[in-house]
Engineer: 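Questions regarding the structure given below will be posed in turn.
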Number of protein chains: 4
Amino acid sequence: MDYNEKQVQIIETAEKLFANNGFEGTSIRDIAQEAGINIAMISYYFGSKEKLMEAIFAYRIKTTFLKMENIINNDNYTPFQKVEKFIEHYIDKMFGNQCFYRLMMREPYIQEFHNISDLVYEAKKNNLELAKKVIHEGQKRGEFRKNVDVGMMIMTMIGTANHFVTTQEFYKRYNNMLEMPQVEFEKHMRKKLYHHLKTLFKSILTHEEK
Amino acid sequence: MDYNEKQVQIIETAEKLFANNGFEGTSIRDIAQEAGINIAMISYYFGSKEKLMEAIFAYRIKTTFLKMENIINNDNYTPFQKVEKFIEHYIDKMFGNQCFYRLMMREPYIQEFHNISDLVYEAKKNNLELAKKVIHEGQKRGEFRKNVDVGMMIMTMIGTANHFVTTQEFYKRYNNMLEMPQVEFEKHMRKKLYHHLKTLFKSILTHEEK
Amino acid sequence: MDYNEKQVQIIETAEKLFANNGFEGTSIRDIAQEAGINIAMISYYFGSKEKLMEAIFAYRIKTTFLKMENIINNDNYTPFQKVEKFIEHYIDKMFGNQCFYRLMMREPYIQEFHNISDLVYEAKKNNLELAKKVIHEGQKRGEFRKNVDVGMMIMTMIGTANHFVTTQEFYKRYNNMLEMPQVEFEKHMRKKLYHHLKTLFKSILTHEEK
Amino acid sequence: MDYNEKQVQIIETAEKLFANNGFEGTSIRDIAQEAGINIAMISYYFGSKEKLMEAIFAYRIKTTFLKMENIINNDNYTPFQKVEKFIEHYIDKMFGNQCFYRLMMREPYIQEFHNISDLVYEAKKNNLELAKKVIHEGQKRGEFRKNVDVGMMIMTMIGTANHFVTTQEFYKRYNNMLEMPQVEFEKHMRKKLYHHLKTLFKSILTHEEK
DNA sequence: GATGAATGAGGATTCATTCAT
DNA sequence: AATGAATGAATCCTCATTCAT
């Protein structure tokens, strides 16, 4: 399960190409060429193209979906601070691993065919339950409204964030930001997303129904 | 630009398969077999696989992104009723054309290579501007808060709705609804989404900042 | 065996395309498009693509390889004048039917597969024997040398003339005549060829061996 | 640019089939079957059918159009001996590479579409200029007539020789030589062609105009 | 451990032809 | 008489994978 330098290089190259062109739209030749390695090495290291896909998921889910617990269990934060941290964390992860997130979005079916279904399911479930825990805590402490559908809130956060990534190109074009350097643009996006989701959650969690 | 019965059948079959398996993951053979037609007919009718993809977009965007104006311009509705109608309409369209929406989500790159880029851009822009119009109207009438980022609200609506569709399988499994018939499940989802987004928008648009 | 206007149009279009791109390199669609007729008409009129090829040969050989006898049997001409007429006639025919001649040159195998083998054989044989007749007449009258290989002379005439047509493009480029209008260029070529072959034949037929 | 054994085998097989059936009339399957190799190997080695055609030309022109200079520059030969050697050399090359010569004759257009145009042009030009050099030398030494159109003489040589190859089948049939073994037949043809062209050139180059 | 050569399977597309009208 | 729709066969090419080295 530990990948050497070359294997990691292959994984990351493949991830990028799969995200851009899809699993079937990317050939092993493409990956080998982009990564500067021999074509046969992919089958050699991973067994097959499918197994490489599995490796990507295993690699990312392991290194990506961890360490959320630390935030949740830090007692120095108020419930809403925890929510904020949670949002920040998700956004940071997503921007830091855009390719992988785009890949997950575009190849949902891939789960069914390969041995990653459970992995992904567990990661999502884990995420959801952490969020529930935070919000329930806030409710118990009387700081959040009672009748909040936590599942829907999480979907809103993830959906909005994901769509943000997906729709970047439209956004750029619509707002005449095509010339802005990618790094700056991402910074802008990220900040905007932070603010929006925090405001949204605050509004939902603390707004009194009339 | 008018497609006969057989052409529509091909378009809809291809749309489904492209949505499930991707453009490159779907062979012309697959489409022909599923649609019960001869393999050569696809090239015969559409010229190529790529042109078929273009036809799908042209077909759907034309028939899907219309008639939203009627809602917006109906003076019998209050601004918030218009927002509700807008949300309903988007959700209905999306559930009614799940395949196409999933296809758009998974193949964003396809726009760049083919002649659908502008089509999609215009549709999205049109959508966004209609939403802006409604909300600005509510603001002018003092019924909505002033400092609402309309763009972000739309992204939230679309992102949440899209994610809802994408994540169905996880949702089913997580909530032990795997046995529920698809039709009933969708009804359930749709209702839930209606409610959630309306509540969300109400909260955002009318909640007074403290 | 009599072709109507449309059939002739198809034949001539096909002849041109076959000459330029070869039999297999030309599709029925190409011919139909170029001739401005329906695709099905070719099979309808001629039965098949192969039969169309046969029709071209039948059509051209009939109308092309005739009337040579008149020259030969005209008693007002001296033997060498007859040779000159013969040369002129061949060159004129060839320039007037360049496409057909190029077609014959590039598709010699086609004879074996189709029913035109005998047709072509007879035409060639007829040509050769007419030439022999003229030259033998000149020899009998003591005006031509005795030991002339008539077959080789004919091959020289035909080969040179054919090569002239084939190598036009090289000739143009080599002599900086790329800008010259095709009509003028052909006139130039034809004149040159007349003169060359006549001189050649005169030299061969009348030159006394030392 | 150096081809291994298998590549050469493919090139020579393809050359033969292209010469007989044309570029478009020959399928990759045909070539693979005749050469006893896997179909995919052709694309593997050459990239495409077109590139294979280019390879044939590159291969032949390189190995075929060389070493003529040696003859020309050999000072032991008289000008007419050089002409004879030149003729012999051309005929030998042509009979030794009949397929390639037939291929060049039947696919002149192929030059325009592919990267061999210049290659062929240079080879032809080179050939022509060597011939000119020889004849001009003879003229300078007063052994050849002054007013000889060297270009036309070369065309005569090449055209006659080429036509000889093209028309073999007719010749055989006409002269009842269908039963003669090919090797013996070729020997006969070659000898005949030697003699004819040498006589022809002698007559033209040395015959005094009256 | 690492790789270049080789291949069978399957990809999209074009083809000449047929048939109902 | 003439044609648009439709199709099975064949086209070239790319694919992921294997194997001897």
Side-chain angles (χ1 to χ4, degrees), chain A residues 4 6-7 10 14 23-33 36-53, chain B residues 4-7 10 14 21 23-33 36-53, chain C residues 4 6-7 10 14 23-33 36-53, chain D residues 4-7 10 14 23-33 35-53:
Chain A
N4 66 36
K6 220 166 219 170
Q7 284 171 311
I10 293 171
F23 179 72
E24 318 268 359
T26 306
S27 78
I28 278 198
R29 264 180 179 75
D30 296 337
I31 301 168
Q33 191 174 348
I37 51 109
N38 186 280
I39 323 168
M41 285 203 49
I42 287 166
S43 295
Y44 177 66
Y45 272 139
F46 297 94
S48 73
K49 195 184 171 188
E50 299 207 348
K51 295 257 183 65
L52 170 57
M53 186 62 135
Chain B
N4 65 36
E5 202 180 334
K6 217 165 225 171
Q7 283 171 312
I10 293 171
N21 312 316
F23 179 72
E24 317 267 359
T26 306
S27 78
I28 277 199
R29 261 184 182 77
D30 296 338
I31 300 169
Q33 190 172 349
I37 50 112
N38 186 280
I39 320 172
M41 290 225 42
I42 287 165
S43 295
Y44 176 66
Y45 272 138
F46 297 95
S48 71
K49 196 183 169 188
E50 298 207 350
K51 295 257 184 66
L52 170 57
M53 185 61 136
Chain C
N4 66 36
K6 220 167 221 172
Q7 284 171 312
I10 293 172
F23 178 71
E24 318 267 359
T26 305
S27 78
I28 278 198
R29 263 180 180 74
D30 296 337
I31 301 168
Q33 190 175 348
I37 51 110
N38 186 281
I39 323 167
M41 286 204 49
I42 288 165
S43 294
Y44 177 67
Y45 272 140
F46 298 94
S48 73
K49 195 182 170 189
E50 298 207 350
K51 295 257 183 64
L52 169 57
M53 185 62 135
Chain D
N4 65 37
E5 202 179 333
K6 216 164 228 173
Q7 284 171 311
I10 294 171
F23 179 71
E24 318 267 0
T26 305
S27 78
I28 278 198
R29 262 182 182 76
D30 296 338
I31 300 169
Q33 190 172 349
I37 50 113
N38 185 281
I39 318 170
M41 290 226 42
I42 288 165
S43 296
Y44 175 68
Y45 272 136
F46 297 95
S48 71
K49 196 183 170 189
E50 297 206 351
K51 295 258 183 66
L52 170 57
M53 185 62 135

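Letters A, B, ... mirror the listed sequences (proteins, then strands); counts begin at 1. Since this is a predicted model, take the numbers as computed values, not measurements.
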Engineer: Select base, sugar-phosphate, or nothing to describe what A:Tyr45 touches, counting heavy atoms under 4.0 Å on all strands.
Structural biologist: sugar-phosphate
Engineer: Can you measure B:Lys49 atom NZ to F:dC13 atom C1' for me and round it to whole angstrom units?
Structural biologist: 14 Å
Engineer: Taking the side chain as every heavy atom from C-beta outward, state whether C:Phe23 and C:Glu50 have any pair of such atoms under 4.5 Å apart.
Structural biologist: yes
Engineer: In whole angstroms, how far is the P atom of E:dG10 from the CZ atom of D:Arg29?
Structural biologist: 13 Å
Engineer: Which listed nucleotide (E:dA12, F:dT17, F:dT3) is nearest to the side chain of C:Asn38?
Structural biologist: F:dT3
Engineer: Where each residue is assigned the nucleotide of DNA chain E containing its nearest heavy atom, which of A:Ala40 and D:Ile39 is assigned the position nearer the 5′ end?
Structural biologist: A:Ala40
Engineer: Any base atoms under 4.0 Å from A:Ser27, or only sugar-phosphate, or nothing? Heavy atoms, all strands.
Structural biologist: sugar-phosphate
Engineer: At under 4.0 Å, does any side-chain N or O of B:Tyr44 touch on OP1 or OP2 of F:dT7?
Structural biologist: no
Engineer: Rounded to the nearest Å, what distance is computed from the CD1 atom of residue B:Ile37 to the P atom of nucleotide E:dT13?
Structural biologist: 13 Å
Engineer: Could you work out which one of F:dA6, F:dG8, E:dT17 sits closest to the side chain of C:Ser48?
Structural biologist: E:dT17
Engineer: With distance as the sole test, does D:Gln7 use its side chain to make a donor-acceptor pair with the main-chain N or O of D:Asn4 at under 3.5 Å?
Structural biologist: yes
Engineer: Between B:Lys6 and F:dA5, is there a side-chain N or O to OP1/OP2 distance below 4.0 Å?
Structural biologist: no
Engineer: Which nucleotide, in any strand shown, forms a Watson-Crick or G-U wobble pair with F:dA10, with both distances under 3.5 Å?
Structural biologist: E:dT13
Engineer: With rounding to the nearest 0.5 Å, note down the distance linking CD1 in A:Ile10 to OH in A:Tyr44.
Structural biologist: 11.5 Å
Engineer: For F:dA1, give the paired nucleotide (Watson-Crick: N1-N3 plus N6-O4 or O6-N4; G-U: N1-O2 and O6-N3; both under 3.5 Å), or none.
Structural biologist: none
